[in-house]
Amino acid sequence: MAIECLVLGAGQEVGKSCVVVTIGGKRIMFDCGMHMGHHDCQRYPDFARILSATPGATDFTSAISCVVITHFHLDHIGALPYFTEVCGYNGPVYMTYPTKALAPLMLEDYRKVMVDHRGEEEQYSYEDIQRCMKKVIPVDLKQTIQVDRDLVIRAYYAGHVLGAAMIYAKVGDAAMVYTGDYNMTPDRHLGAAQIDRLKLDLLITESTYAKTVRDSKHAREREFLKAVHKCVSGGGKVLIPAFALGRAQELCILLDDYWERMNLKIPIYFSAGLTIQANMYYKMLIGWTSQKIKDSYTVHNPFDFKHVCHFERSFINDPGPCVLFATPGMISGGFSLEVFKRWAPSEKNLVTLPGYCVAGTIGHKLMSGKPTKIDLDKDTHVDVRCQIHQLSFSPHTDSKGIMDLTEFLSPSHVILVHGEKPQMAFLKDRIESELGMPCYYPANNETVSIPTTHYLKINATEKFITSCTAAQARDGLEKANLLCGNHLSGVDGDVKADEGILLMEKSMAPKILCEDELLQLLGTERHSVQFESLLSSRVEEVQTTIVDDVVSEF
Amino acid sequence: MDMDEDLPASEPCPTFTNLASFTGPSASPSSYAGPEVEVRALASMATALYPLARAEGLRGLAAVLEKGNAGNGVAEYCYGCAAELLRDEDEDIRLVAVRLAGICVEKIAMREELSGDADQIDLIFLQLSSMARDMCAKVRIEAFNALAKMQRVSDGVLLQSLSKKMIKTDTGSATGKKISPKLVFPCAAGIFAHGIEDEFYQVRAAACKALGELAKFSNQYAQKALDLLMDMMNDDTEAVRLQTLRTLLDMATYGHLSVQEKHMHMFLGILMDANVIVRNAARKILGLVKLPKLQMFKSALDGLIAGLEKDPEDQEIYGVLFSIGKNHGSFSANIAKHLAKEISMASDGELILDKPRIKALLIVSILAPCSVDKEKELDIPAVIFSHAIPLLGTISCALGEDTQDSLLSHLFHRCGLPFWGKRLVSSDGKDSECFSVETADGTHAQIGKTAMSTNCLDEVVIMQSARLILETVQGAWAMRKSCIIGEVQSTLRTCKEEVNILAVNSSGSAYGFLSFVSDYIDAVQLIVEMWRFVQSENSYAFGSTSQDILLEKFDTSVRRMKCCYVGLHRELEVQVLELALLAILFRLSELAICSELVLDKLHWITNHLDGLCADGSYELSDFSQEVKKSFDANCIDCNPAVNICSFLEIFDLKPATNFGMVNARSAVLKVCDTDTDTENPLSCVRGLPVGVSFDVSLQNIACHDRIWLRMIAGESIQHVFLDLSCFGGDDKVKSCSTVIPFYATPMACSFVLRACLVIECPFGSICDHQEGHGGPRDCVVQLCDELDVYFVSADMSKGGG
Ligand SMILES: [Zn+2]
């Protein structure tokens with residue numbers, strides 16, 4: 001038996017995460033994301049390949065047992081309405097409760113940006129999103145879901161964003177974990193990823209930061225606060241482009257706290273009603289946040305931001321310092337681009353960019369080098385004189401975290417997705433050399449096949465069991481004496497080895513038996529083979545060489 | 001990993017004692033099996049198929065180890081069992097395994113004669129470290145607890161535990177070589193970096209504790225650990241912050257804390273923390289560490305001073321200033337130099353001792369010579385020492401021990417005052433050792449040793465301190481125009497406190513003088529207060545009553561100064577009279593009409609002043625001359641309005657150069673033989689006179705002084721003149737026991753008689769003459785506190801009994 005792993009997206013790249021795994025005849029799609037950097041057919045995974053890899057399947061519903069979405073980021077869920085409503089997949093879709101609650105917000109926000117601002121052709125409608133979400137079956141953490149008779153899935157806490165999960169899937173003896181995006185260190189509002197030690201054949205892990213090892217978050221937080229404080233105390237405006245959910249909340253907790261401590265009176269704005277709404281969700285979904293918030297929210301809910309108020313479009317040109325959270329992150333369009341155009345020309349202002357920006361976005365352009373001018377299209381340019389601060393904290397785990405999780409889970413095989421090729425190659429080498437696990441990082445549309453373990457139930461004969469226990473008892477006594485005499489060198493033989501013969505016959509359960517039982521069974525007599533070693537030495541020379549020679553006689 | 005093969009190999013041959021310890025319990029019939037069989041059985045249980053059995057096996061092993069009869073090798077053996085299960089699928093078993101490993105580690109560490117294999121220890125450390133990355137929080141806590149017990153871990157391994165990034169092992173160094181590749185657990189790196197940002201505060205606290213414990217064994221590690229600890233000071237859980245402080249304090253105490261510039265920001269931050277425990281700990285730490293740069297030293301001082309400004313009552317800061325000054329000799333000397341410049345620049349009283357900054361800097365400065373940097377000749381300007389003397393009380397209070405004398409003599413020695421010729425004699429008659437700058441190595445202990453246990457300060461020293469305090473008072477008064485009144489007031493308040501502190505430790509003439517100075521400062525404080533009233537636009541808004549009260553208080557303190565001291569030098573006497581003049585002027589300005597009696601007194605005083613200055617040794621002050629002029633030249637009736645403001649403008653407090661041998665007049669009044677209080681009242685009969693026998697003792701009262709016993713019960717007041725000729729003793733102390741009848745007993749079951757000795761003011765006071773009762777002819781001043789005598793009517797007490 002084997003696990004077939006078809007990578008439809010996020011293979012040697014970041015974006016449109018989608019992995020289709022076949023275990024024991026069951027086919028699971030992990031994530032169904034879209035690529036933010038592409039605006040053509042490349043933005044979605046090439047779903048057609050599922051059908052061509054499934055002989056006999058005519059539609060997606062019959063080809064795929066279930067779809068599991070790890071979290072609400074668009075590169076993990078963006079193609080779902082398209083897949084269900086346009087491609088016609090009708091089977092079960094699983095995601096956690098918070099993801100189910102927050103995903104429509106994200107999808108609708110993005111759809112609006114696409115259609116309203118960029119004037120693109122609509123890929124799916126608002127109603128499509130609604131219909132799609134209706135098909136979703138929500139799951140809870142550590143809840144074991146019996147998808148069908150053979151397939152079992154279970155979600156584990158992944159950190160990263162609210163509701164993010166790692167997915168454990170098991171068919172028969174074959175088991176695997178698909179991590180989605182995860183974070184091994186807690187942040188201001190989310191805990192660290194948490195999973196049981198499981199017997200796994202395969203671990204599919206993200207590898208956004210396959211090579212980076214981050215130092216403590218305290219230093220990074222300080223840096224960010226310093227940059228913001230410096231800017232506002234100089235009368236500047238701070239633009240924080242962020243997706244409505246996740247980073248925005250974390251940074252907001254951080255700033256709100258800092259404002260409180262430093263007694264600052266400068267306004268912090270949230271651009272869209274969307275985010276205020278999202279904050280409300282956060283308040284409701286307290287159970288999915290970090291331990292600290294869970295411990296203390298009854299006294300103070302950290303999502304009740306004291307210093308945060310709503311931003312009106314007319315505020316853009318107001319004088320005086322402020323901090324503004326605007327969607328979308330990476331300044332890929334929409335309101336954050338609008339504000340960026342107004343604020344970028346002043347050197348007093350500051351733009352903080354997320355740690356990772358997809359190629360093709362303005363955020364990416366700002367991060368690569370220090371551009372003084374950005375071309376939006378043929379006719380519009382923006383002079384960039386403002387400060388650029390790159391946030392060095394990220395909701396993704398770093399290389400150390402990936403190694404830690406892999407070591408903790410100790411799977412038989414590792415597949416890396418959601419990363420950049422050179423870094424993935426580096427991490428693959430580390431995993432193979434340091435942890436001794438075979439590791440792969442297939443490109444998009446490649447398939448990797450992993451052998452799986454198969455557990456056999458065997459019977460043992462009575463005689464074999466008796467002989468085993470007798471040997472153990474003898475052994476134990478001997479060791480007790482050794483211990484008494486303080487000779488602990490004998491202790492290490494704790495592995496109780498017993499000899500037996502495994503008999504596997506067609507149409508019969510395998511069984512283990514003693515040597516003489518086998519003879520009986522076969523009806524033959526015992527043969528003996530003897531070995532003798534011969535030493536040949538040459539005395540003439542000063543040094544003596546000893547040559548082991550084995551001569552066998554029959 | 002082949003733990004089990006390696007561990008026993010590291011064991012030395014069994015010694016005889018070890019054998020004995022093993023055979024001992026085996027011999028007794030009750031524990032025939034002996035621990036080794038127990039261990040063996042439990043160990044095999046720990047490898048069982050069922051998780052609960054495994055867990056029980058491990059728990060059993062832990063119990064055996066904790067019982068303490070674990071012989072040589074058993075700890076290692078148990079560790080082997082635990083190590084096997086560190087990767088168990090069941091998190092409870094991992095937890096128990098780590099706990100057992102922790103106990104083993106402790107046992108192994110306890111043994112002095114450890115065999116040498118350092119790799120073994122490092123391996124254990126790494127193995128436990130890898131458990132600190134477990135997904136289960138409880139396991140992580142246990143792992144950090146176990147790590148805290150480790151000892152003899154090699155530096156390279158320790159350092160790696162702080163950094164997530166792989167430290168390139170320096171092939172040249174010995175430590176680098178020790179970590180062979182097979183020992184490396186990738187996730188063991190940087191476990192402390194992970195630990196301090198753990199989601200669970202219990203884990204963070206455990207990590208912090210372990211950091212501190214391990215810091216004891218490696219300086220290099222301690223230095224790097226500090227960076228992490230600094231971050232932990234920002235933790236949002238208080239428990240973690242407190243643990244961090246505890247760790248820092250531990251490190252500082254053991255001398256493993258080397259603060260660098262980048263850490264100062266954090267230290268200064270916690271110095272101002274809202275939590276008093278945090279603040280105090282931060283200070284203590286600062287008091288213990290050695291700061292490498294002057295800039296850091298200065299910023300630490302600024303931080304402490306800021307704390308002092310926020311809460312001037314916080315005595316502990318002085319103690320910290322004291323140790324910080326002592327720990328950094330050359331920096332203190334630098335501070336002293338600048339301070340001396342500042343003092344000399346600020347000529348007329350601008351330098352206010354009350355300013356916490358100056359106080360703090362003075363304390364630090366005077367300690368420079370006590371510092372450990374003996375090799376350098378530290379030159380502290382004498383002016384620093386003379387200014388520091390008034391702060392002596394504060395300083396020694398902060399130190400808490402009786403180091404005053406030695407410190408003081410040190411100060412006098414340093415500022416080159418002539419008094420030094422005379423050695424201080426302590427109360428027990430032995431010569432107190434001089435505070436020797438040369439031999440003091442700057443530790444508290446040393447000062448404590450040289451100091452003799454005497455509470456009585458040398459008189460000369462007190463006079464000197466008092467002189468400086470008076471100068472300060474006069475300086476403060478001089479500044480009333482240019483400066484915020486509040487600041488003047490707080491200066492005065494501090495001076496008063498200093499005087500009181502000095503007074504507590506003095507007696508005799510010194511006490512008398514300090515008491516005078518205290519009254520003097522009271523008076524000045526009151527003038528300043530009234531000046532504030534007068535200055536304010538709508539003085540009437542305050543209401544005349546409060547001004548009345550002030551004036552009354554002022555009168556009293558002037559009267560006290562006039563009547564309650566003998567031996568005042570003429571110079572002081574002139575000052576007292578000028579204060580009396582001022583009191584009269586206030587009264588006149590308030591009444592707005594010239595009472596004849598008041599004017600009489602005014603003239604009496606001006607005449608008296610003339611008399612005192614007649615011989616030409618003193619010039620009449622501008623103020624007195626002005627008063628004389630305005631009241632001599634004009635006819636009494638046509639100058640009703642006194643412009644107090646203009647007089648106050650020119651009123652000046654001249655620094656006195658001579659004080660004379662001031663002795664306080666005082667009295668002690670007691671009821672003979674009995675301690676009367678509410679529990680043991682004296683008995684009397686309602687409405688009938690009652691005789692009370694008093695013990696009276698008078699100090700510094702001359703025969704011509706008129707002393708009265710004033711008795712008040714409810715509404716009724718009775719004065720009894722004391723005939724001093726009946727008293728025994730001399731001019732210094734007179735005493736007598738006498739029975740005095742009190743006539744006006746109220747018709748009550750019980751009452752309190754408030755008795756007090758008062759002295760008649762012989763001249764020029766302006767309180768209204770009290771008629772009736774045959775009482776004193778003039779104003780009186782209390783010589784002692786009122787004594788409460790309790791009475792209960794006799795029939796009542798019987799009935800009650
Ligand atoms: Zn994500």
Side-chain angles (χ1 to χ4, degrees), chain A residues 156-157 159 184-188 190-199 213-219 221-222 257 290-292 295-296 398-401 403-410 430-431 434-435 472 476-477 479-496, chain B residues 2 4-5 7-9 11 13-14 18-19 22-23 26 34 36-37 39-41 43-44 47 71-74 76-77 80-81 84 87-91 94 130 133-137 163-166 184-187 189-190 193-194 196-201 227-228 230-232 234 236-237:
Chain A
Y156 286 97
Y157 193 78
M184 290 290 279
T185 44
D187 64 22
R188 287 270 161 173
L190 296 173
Q194 213 248 323
I195 192 165
D196 293 331
R197 198 183 280 276
L198 304 154
K199 279 202 179 79
V213 176
R214 278 192 298 261
D215 50 5
S216 110
K217 66 173 177 183
H218 297 281
E221 287 181 354
R222 268 205 303 275
D257 244 32
S290 74
Q291 193 58 40
K292 196 205 156 218
D295 289 344
S296 64
D398 65 352
S399 155
K400 174 80 167 42
M403 290 296 284
D404 287 357
L405 182 78
T406 312
E407 190 182 348
F408 181 80
L409 288 173
S410 302
R430 276 196 69 193
I431 290 175
E434 288 174 32
L435 302 175
Q472 265 188 34
L477 261 176
K479 277 177 191 163
N481 290 333
L482 284 172
L483 196 72
C484 191
N486 258 340
H487 293 288
L488 275 162
S489 41
V491 159
D492 61 294
D494 256 357
V495 185
K496 291 157 203 91
Chain B
D2 33 17
D4 301 313
E5 280 167 37
L7 270 175
E11 270 318 293
C13 290
N18 284 330
L19 277 172
F22 254 107
T23 46
S26 315
E36 65 281 359
V37 176
V39 167
R40 164 66 53 200
S44 76
T47 58
N72 223 344
V74 174
E76 277 86 349
Y77 178 72
C81 294
E84 286 287 307
R87 305 268 143 170
D88 201 279
E89 274 170 44
D90 193 307
E91 63 181 36
R94 295 204 298 275
S130 73
R133 287 299 286 149
D134 198 277
M135 289 279 174
C136 170
S163 161
K164 289 186 205 173
K165 299 198 173 89
M166 281 297 165
V184 174
F185 289 76
C187 70
H194 284 294
I196 65 159
E197 47 185 35
D198 199 278
E199 183 179 352
F200 295 83
Y201 79 90
D227 294 342
L228 295 186
M230 285 296 126
D231 283 336
M232 295 190 86
N234 265 343
D236 27 36
T237 308

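Below, chain A is the first sequence line, B the second, and so on; all start at residue 1.
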Need one label for B:L228: side chain, backbone, both or neither, based on atoms under 4.5 Å from any heavy atom in chain A. neither
Separation of B:E199 CD from A:M184 CE (nearest 0.5 Å): 12.0 Å
So which of B:H194, B:R87, B:E89, B:M232 has the biggest tally of heavy-atom pairs under 4.5 Å with chain A? B:R87
Residues, nucleotides or ligands: over 12 heavy atoms within 6.0 Å of B:K165 NZ: yes
Against chain A, label B:D198 side chain, backbone, both or neither, depending on which of its atoms sit under 4.5 Å from a heavy atom there. backbone
With a 4.5 angstrom heavy-atom cut-off, could you sort out which part of B:A41 is near chain A: side chain, backbone, both or neither? neither
Within the side chain of A:D398, is there an N or O that forms a donor-acceptor pair under 3.5 Å with the backbone of A:R214? yes
Cut-off 4.5 Å, heavy atoms of chain A, and the answer for B:D227 is neither
Identify which part of B:R94 has an atom lying under 4.5 Å from any heavy atom of chain A, answering side chain, backbone, both or neither. side chain
With a 4.5 angstrom heavy-atom cut-off, which part of A:T185 approaches chain B: side chain, backbone, both or neither? side chain
Quick one: pull up NZ in A:K199 and CG in A:L409 and give me the separation to the nearest 0.5 Å. 13.0 Å
Count the heavy atoms of every other residue, nucleotide or ligand shown that sit under 6.0 Å from OH of B:Y201, and state whether that count exceeds 12. no
Below 4.5 Å, heavy-atom pairs only: which of A:I195, A:L435, A:D196, A:D404 has the largest tally toward chain B? A:D404
side-chain contact (heavy atoms from CB on, under 4.5 Å) against A:L190, all qualifying residues, sequence neighbours excluded: A:Y157, A:L162, A:D187
Turns out that what part of A:L198 lies under 4.5 Å from chain B's heavy atoms comes down to neither
Contact origin within A:R222 toward chain B - heavy atom pairs under 4.5 Å: side chain
For chain A, the option from B:T237, B:I196, B:D134 that forms the most heavy-atom pairs under 4.5 Å: B:D134
I'd like to know if A:E407 and A:K400 make a salt bridge, using a cut-off of under 4.0 Å between side-chain N and carboxylate O. no
B:A193: partners by side-chain contact (heavy atoms from CB on, under 4.5 Å), with sequence neighbours left out: B:K164
